[in-house]
Amino acid sequence: MSTTPLRKPDDQSEVTQGTVATGRAGHHGVLFAMCLSLILVVASVSALNLALPDLAIDLSATNSSLTWIADGYTVALAALVLPLGAIGDRVGRRNVLLAGTVVFGAASLAASFADSTTTLIAWRVVMGLGAAMIMPGTLSTITAAFPPEQRAKGVATWSGFAAAGAIIGMLAAGALLEWYSWRAIFVTSAAAALLAAVAALVLAPDTKDERPPPPDVTGAVSTAVGIGTLVFAIIEGNEQGWTEPAVIAALVVTVLAFTAYAWLGLRNQHPLLDPALFGVRGFRAGAITVLVQFMAVFGFFFVGLQYLQLILGYSPLKAAAALVPVAVVVLPTSQTTPHLVRRVGMKATMTVGLLLLSAGLFVISLLDVDSGYLPFLGGLVLAGLGIGLSGSVGTAAITGSLGRGQQGVASAMNDTTREVGSAVGIALMGSIYGSHYRSNLPGSLDQLPSEAAEAARDSAAGGLHVADQLGARGTALAESVKSAFMDGLSASLIAVSVIVVAAAIGCLFRAPKAPPTSD
């Protein structure tokens with residue numbers, strides 16, 4: 001990940017990143033190893049979503065705690081992927097990736113023994129640290145290994161697995177939860193980390209910047225602080241109220257941190273991520289597209305899986321299988337986007353992809369308690385088409401805006417926008433869902449014993465568990481909890497679908513028509 005994005009590389013760095021990058025494994029071996037590591041990172045964002053109902057009961061987790069359990073990982077990953085990618089440039093990308101698999105695997109194993117939400121959140125943060133060490137080298141190795149004429153196909157495959165990896169993680173988690181507890185997900189993640197490390201060690205070469213620039217400490221600190229405080233403000237703002245001092249302070253720190261990043265970055269000869277890059281139309285359009293796509297996708301997974309389990313009554317495995325149509329649509333669609341972009345242009349492909357994604361989310365927002373799966377499936381297919389188009393072309397726009405010697409920073413930006421989008425999406429949709437769920441619960445809840453009433457307010461899973469224990473008397477409570485859940489689901493999906501439409505309009509007017517090219 002080059003930290004000097006506007007610097008043209010010399011011939012030496014071209015040889016290092018281009019010819020040597022394929023190593024003895026060839027293009028296919030590198031692609032396999034990097035996509036395997038990518039799946040490990042992405043699957044860990046989504047896999048635990050299937051266990052949220054069990055966690056709500058087993059650890060007495062509130063909606064806010066569940067959001068932090070899901071988001072502790074993505075916040076750490078989003079905040080640290082840039083500086084850890086820069087370290088990889090200095091000491092070797094594969095070296096850092098391998099170290100990341102060790103950290104990731106050890107934290108996963110430790111998380112399987114967690115006995116409180118606080119402990120589990122802490123280990124999820126450490127897992128995010130390991131993931132931030134793994135992630136940067138995946139795309140930058142692929143773009144460096146593939147020649148320009150094959151790079152779009154390699155990026156499209158990477159992008160397809162970035163989306164499908166979430167489904168793969170959920171299917172694996174669903175299968176485990178059929179026979180084991182949520183702790184088995186973390187044990188399996190640790191084993192998968194070992195497998196990814198072996199594949200990277202055998203198939204992928206170690207590349208690094210032969211002439212690394214000085215480290216940008218201020219850039220690393222300001223971006224990490226800005227991302228972390230932004231997510232904190234979103235989650236706690238909906239939980240505690242937006243006028244709470246802690247929330248206001250977090251928002252102020254967020255603004256100051258990103259202002260410092262831009263001001264200092266423009267004055268730094270070797271910034272971690274040059275703010276001037278956002279003046280490149282293709283780079284900016286690609287970053288916005290990827291960010292809102294992942295915001296929508298992982299926010300949807302957070303609430304959508306609970307719909308399948310709590311409202312439709314699906315088992316974890318059946319719920320995961322119900323989302324497979326997304327992967328079935330995304331993978332072939334992402335493979336066809338290079339051809340589609342050549343035919344109709346990047347702007348049209350990007351805009352249509354975002355509009356399809358928004359339409360799919362809006363369709364699902366119209367569901368009620370009795371809608372069933374088929375309308376849900378219709379929304380999934382629309383969203384899957386949008387994800388396949390927008391994700392692939394967004395990534396290609398970022399990587400294509402910069403030269404071969406700048407693919408490290410392109411990879412870093414792509415990774416950062418994905419993870420920031422995931423973290424913000426989970427925080428935003430989880431918080432909107434949680435606040436609407438609580439506000440739509442009936443006043444009759446106060447007639448229950450205080451412990452039961454509190455469990456129902458904490459989460460829909462807790463409310464349905466209480467209703468189950470009441471037998472016939474719990475029927476009315478179950479209906480009220482499900483209705484409140486659907487109100488929260490609908491509100492969160494509408495909010496994000498509006499954001500995606502706004503991004504589509506921005507791309508329509510500001511994105512370049514022709515795809516950028518790098519050499």
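Computation of the quantities below employed the complete heavy-atom set of this structure, encompassing side-chain atoms and omitting hydrogens, waters and symmetry-equivalent molecules. Nothing here was measured: the structure is a model prediction, and the numbers come from that model. Quick note: residue numbers are just sequence positions, from 1.
- In this structure the side chain of L477 reaches within 4.5 angstrom of the side chain of V481, judged on heavy atoms.
- Proximity of Y261 to V221: side-chain heavy atoms (C-beta onward) are nowhere separated by under 4.5 Å.
- Not one N or O on the side chain of T101 forms a donor-acceptor pair closer than 3.5 Å with the backbone of A197.
- With contacts defined as side-chain heavy-atom distances shorter than 4.5 Å, the pair P316/E178 qualifies.
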Q: Assess whether side chain to side chain contact (heavy atoms under 4.5 Å, CB included) is satisfied between Y307 and I364, documenting all intermediate values.
A: CA-CA 10 Å; Y307 166 79; I364 297 173; over 6 Å; no
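- When the options T351, L389, L354 are evaluated for a side chain to side chain contact (heavy atoms under 4.5 Å, CB included) with T289, the one that passes is L354.
- Atom CG of L203 is separated from atom CZ of R94 by 10.0 Å, given to the nearest 0.5 angstrom.
- Under a 3.5 Å cut-off, the side chain of Y437 and the backbone N or O of D487 do not form any donor-acceptor pair.
- Nearest heavy atoms, L367 versus S371: CA-OG, 3.4 Å.
- Using a 4.5 Å cut-off on side-chain heavy atoms (C-beta onward), S490 and L366 make no contact.
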(Q) Would T417 and F294 count as a side chain to side chain contact (heavy atoms under 4.5 Å, CB included) here? Give the steps. (A) CA-CA 8 Å; T417 51; F294 269 69; over 6 Å; no
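- Residue L129 holds its CG atom at 6.0 Å from CG of L80, rounded to the nearest 0.5 Å.
- Side-chain N or O atoms of N440 include one that pairs as donor or acceptor with a backbone N or O of H436 at under 3.5 Å.
- The heavy-atom pair separating L50 from M170 by the smallest distance is CD1-O, 2.9 Å.
- The backbone N or O of S480 lies less than 3.5 Å from no partner atom in the side chain of S483, so there is not a single donor-acceptor pair.
- With hydrogens and angles disregarded, no donor-acceptor distance shorter than 3.5 Å links the side chain of R124 to the backbone of Y73.
- Using a distance-only test at 3.5 Å, with no hydrogens or angles considered, no donor-acceptor pair links the side chain of R418 to the main chain of L291.
- Between the OG1 atom of T117 and the CG atom of L66 there is a distance of 9.0 Å, given to the nearest 0.5 Å.
- In Y314, the OH atom is crowded: over 12 heavy atoms of neighbouring residues, nucleotides or ligands sit closer than 6.0 Å.
- Remark: the T229 side chain and the T254 side chain contain an N/O donor-acceptor pair separated by less than 3.5 Å.
- Nearest heavy atoms, A467 versus G474: CB-O, 3.4 Å.
- Residues V326 and I387 come closest through the heavy atom pair CG1-CD1, 4.2 Å.
- Minimum interatomic distance between V290 and G394 (heavy atoms only, all atoms of both residues): CG2-C, 3.7 Å.
- Ring planes of W182 and F186: perpendicular class, angle over 60° (limits at 30 and 60°).
- Atoms CD1 and CG, from I432 and L489 in turn, are 11.5 Å apart once rounded to the nearest 0.5 Å.
- L317 approaches A175 most closely through the heavy-atom pair CD1-N, 3.5 Å.
- Looking only at side-chain heavy atoms (C-beta outward), Y373 and L380 come within less than 4.5 Å of each other.
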Q: Apply the test ring-ring contact (aromatic ring centres under 6.0 Å, His included) to residues F298 and F301: give CA-CA distance (whole Å), side-chain angles for both, the deciding distance (0.1 Å), then the verdict.
A: CA-CA 5 Å; F298 283 94; F301 285 158; 5.7 Å; yes
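- Taking the six-membered ring for Trp, Y433 and F302 have ring centres at least 6.0 Å apart.
- The shortest distance between side-chain heavy atoms of L230 and I234 falls below 4.5 Å.
- Surrounding CZ of F32 are at most 12 heavy atoms belonging to other residues, nucleotides or ligands under 6.0 Å away.
- Panel note: side chain S358, backbone L355; no donor-acceptor pair is recorded below 3.5 Å.
- If you check the side chains of T119 and S116, you find a donor sitting under 3.5 Å from an acceptor.
- Within the 4.5 Å cutoff, the side chain of L310 has heavy atoms near those of the P53 side chain.
- One finds the CE atom of M429 at 4.0 Å from the CG atom of L493 (value rounded to the nearest 0.5 Å).
- The main-chain N or O of T74 is never found under 3.5 Å from a side-chain atom of D71 such that the two would form a donor-acceptor pair.
- Using a 4.5 Å cut-off on side-chain heavy atoms (C-beta onward), K482 and M486 make no contact.
- Of the possible donor and acceptor atoms, none in the side chain of S431 sits under 3.5 Å from a partner among the backbone N and O of L428.
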Q: Please lay out, stage by stage, how I227 and F232 fare under the test side chain to side chain contact (heavy atoms under 4.5 Å, CB included).
A: CA-CA 9 Å; I227 292 168; F232 175 86; over 6 Å; no
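- We find the CD1-OG distance between I69 and S65 to be 6.0 Å, quoted to the nearest 0.5 Å.
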Q: Report the C-alpha distance between L97 and M34 in whole Å, list the side-chain angles of each, state the deciding distance to 0.1 Å, and finish with yes or no for side chain to side chain contact (heavy atoms under 4.5 Å, CB included).
A: CA-CA 10 Å; L97 184 149; M34 293 302 98; 4.2 Å; yes
